[in-house]
2 protein chains.
Amino acid sequence: MISLGRTINPHISVDCVVFGFSTNQLKILLIEREYRDDSGKQARDHKLPGDFITLNEDLDLAAVRTLEELTGLNSIYLHQFAFIGQPERIWKKSDMDWLNTTTGMEIQRVVTAAYFALINITESNSDFAIKNNASWIDIKEVPALAFDHRNIIDRGLAHLQKSLRNEPIGFELLPEKFTIRELQSLYEVILDCNLDNRNFRKKILKSNYLIQLDEKQIGVAHKPAFYYRFDKHIYNKQKKEYLGFNF
Amino acid sequence: MISLGRTINPHISVDCVVFGFSTNQLKILLIEREYRDDSGKQARDHKLPGDFITLNEDLDLAAVRTLEELTGLNSIYLHQFAFIGQPERIWKKSDMDWLNTTTGMEIQRVVTAAYFALINITESNSDFAIKNNASWIDIKEVPALAFDHRNIIDRGLAHLQKSLRNEPIGFELLPEKFTIRELQSLYEVILDCNLDNRNFRKKILKSNYLIQLDEKQIGVAHKPAFYYRFDKHIYNKQKKEYLGFNF
DNA sequence: GCAAAAGTGTTGTGACTACACCCATGA
DNA sequence: TCATGGGTGTAGTCACAACACTTTTGC
């Protein structure tokens, strides 16, 4: 999405790799775009949510703005994870033409700050996104993308996997209350592995920032699972500095 | 250092936090700069090695170039660790004036890619640096700096500590051959803690990429220590993916 | 009562911490 | 021979991996 009607800084952009999780799939938010291919024909493909920053706009805030315009959400987990500036990263003429057309400026070279966001997909923010030509696509079925966005997604995914191993961020992708099994599935899908559920439970419950609620699943054809919630406050309190070094 | 005589991209710069280690101190490479303070008086202070990128220059290569111009070295451990773009990061009028004067351009706002470098300080590269107004300063005695460079250093140091815990990068700061004790001191200084030397040895030698040489210290008034070298090849081979998650 | 997923305990192994003394050298 | 830093071993604790059965519900 390009900011028409704002004064942009045409040298610097933000791009957001937005992850969501639903029906046991890791999904990513992509935007459909219309462009003219090298032969001048109208075509469609997908790109990451992103935008040029405006003059005097803070980078982080530009990323927040981009996502808010797209999902209606403004307090989501969002961090910069890379900054990409190879001169040849926009190598297709059609991509460069598209930038020139949509901005109405002569774009030379764009350096982009890549952001990483985690969203709990709900009906409401999903509807909001659809109105903006955005849609949630399974990470395993990402089509060909504009610019170097495929590369940015791969780096974002690696970042997600690393973060998930080192900090409790999985909750950002789940609703307020969730079952241990849902959490385990999330880990399995993102890390692409199978986890022993006894060991997973022990490990995740030992750190006592998962609070068991009084509520159970209803209407399921098996023993209903308890719901839990993540208590960020407890986590922050007992977050410890790991002092060993293990390589 | 500003590239006079090159065509620069005045929106984007690189800044390098360059660490060195000598006489049991963690040091950082700073450049002395002349400028006019807000009252117009000639003054001196320090800044990080850095530069605007030139048109069509790759960011990573801009960082390599900056350091090569400064130290004569071109194959050093160098990684991007942050990208900083608050509009108010250059808040002092004197700093903005200095940029305008040295570049001969009207600078509006600069977004900078922060790089992190590790160097084994030698007489030769140290002499080279001195010729360029650069000097090695103990990390604990860093004076007031230009721009937001103090902040960048703090973030670089945090990055160094984190990296040192997770990857064997300490060797980059030491000469080719070193004693276990030197390595331990390096860990202690950077992590700001005391380590038990029996446990340190066990841990570091267990991973068998430290090769004991036939050579010992000479001329020391105590039992001479063996020298070791780091074998990157062995490390790369047995580098394992840590699959658990520990938070 | 049966299908389907939830939930639970034990054991072996390996990594970490804490801790104190002898060894080789130069002066 | 003494001062200096190099170099070594053991015991307790804790985290992790591997592994199979009982429980609760809807149909």
Side-chain angles (χ1 to χ4, degrees), chain A residues 23-24 164-168 174 177-189 191-229 238-247, chain B residues 23-24 164-168 174-175 177-189 191 193-229 238-247:
Chain A
T23 60
N24 269 3
L164 191 64
R165 290 182 204 288
N166 296 311
E167 301 155 66
L174 292 175
K177 49 188 191 180
F178 50 85
T179 66
I180 302 287
R181 185 78 221 181
E182 284 165 351
L183 186 61
Q184 184 181 335
S185 299
L186 184 147
Y187 273 82
E188 290 178 337
V189 169
L191 301 181
D192 195 23
C193 64
N194 293 315
L195 300 173
D196 178 276
N197 77 59
R198 276 168 294 193
N199 293 337
F200 181 79
R201 256 164 196 284
K202 255 179 295 181
K203 187 158 188 172
I204 208 89
L205 290 173
K206 177 162 44 98
S207 343
N208 44 5
Y209 46 68
L210 276 196
I211 312 294
Q212 192 182 50
L213 304 178
D214 281 336
E215 205 177 338
K216 290 183 189 182
Q217 289 177 317
I218 46 175
V220 289
H222 56 79
K223 179 170 174 180
F226 274 100
Y227 284 111
Y228 288 77
R229 69 179 176 82
Q238 56 183 230
K239 182 165 54 177
K240 61 175 187 292
E241 196 69 21
Y242 178 55
L243 269 186
F245 37 94
N246 57 338
F247 42 79
Chain B
T23 61
N24 268 4
L164 191 63
R165 289 183 205 287
N166 297 311
E167 302 155 66
L174 292 175
K177 48 187 190 179
F178 50 85
T179 66
I180 302 288
R181 185 80 220 183
E182 285 165 350
L183 186 61
Q184 184 181 335
S185 299
L186 183 147
Y187 273 81
E188 290 179 336
V189 168
L191 301 181
C193 65
N194 294 315
L195 301 172
D196 178 278
N197 77 59
R198 276 169 293 192
N199 294 336
F200 181 80
R201 257 166 195 283
K202 256 179 296 181
K203 187 159 188 171
I204 209 91
L205 290 175
K206 178 163 40 99
S207 341
N208 44 4
Y209 46 70
L210 277 195
I211 312 294
Q212 191 181 51
L213 304 178
D214 281 335
E215 204 178 338
K216 291 183 189 184
Q217 289 177 314
I218 47 173
V220 290
H222 56 79
K223 178 171 174 178
F226 275 100
Y227 285 112
Y228 288 77
R229 70 179 175 83
Q238 55 184 230
K239 181 165 54 176
K240 60 175 187 294
E241 195 68 22
Y242 177 56
L243 268 186
F245 36 93
N246 57 338
F247 42 80

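Below, read A as the first sequence line, B as the second, and so on, with proteins coming before strands; counting in each chain starts at 1.
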Tell me: CG of A:L195 to C1' of D:dA18, nearest whole Å?
14 Å
B:I204 has an atom CD1; how far is it from atom C1' of C:dA15, in whole Å?
15 Å
Reading nucleotides 19-27 of chain C 5' to 3', which nucleotides get B (base under 4.0 Å from a protein heavy atom), which S (sugar-phosphate only), which -?
BB--BBBS-
Who pairs with A:Y228 by ring pair (Phe, Tyr, Trp, His ring centres under 6.0 Å), at least two apart in sequence or on another chain?
none
Measure from CZ on A:R181 to P on D:dT23 and round the result to the nearest Å.
20 Å
B:E188 meets the salt bridge (charged side-chain N to carboxylate O under 4.0 Å, His left out) criterion, sequence neighbours left out, with none
Rounded interatomic separation in angstrom, taking CZ from A:F200 and C1' from C:dA5
16 Å
For the pair made of CZ in B:F178 and P in D:dG6, what is the distance, rounded to whole Å?
15 Å
Partners meeting salt bridge (charged side-chain N to carboxylate O under 4.0 Å, His left out) with B:R201 (sequence neighbours left out)
none
Which residue pairs pass the salt bridge (charged side-chain N to carboxylate O under 4.0 Å, His left out) test with at least one member in residues 216-226 of chain A, sequence neighbours excluded?
none
State which residues pass side chain to side chain donor-acceptor pair (under 3.5 Å) with B:Q217; sequence neighbours excluded, sorted by chain then number.
none
Below the 4.0 Å mark, does D:dC16 have OP1 or OP2 next to a side-chain nitrogen or oxygen of A:K203?
yes
For A:K206 and C:dG9, give me the distance from atom NZ to atom C1', rounded to whole Å.
16 Å
Base, sugar-phosphate or nothing for A:R201? Non-hydrogen atoms, less than 4.0 Å.
base
The reported gap from OH in A:Y227 to CG in A:D214 (rounded to nearest 0.5 angstrom) is 14.0 Å
Distance check needed: C:dG7 P versus A:L183 CG, whole Å only.
13 Å
Could you tell me how far apart A:N24 (CG) and C:dA5 (P) are, to the nearest whole angstrom?
11 Å
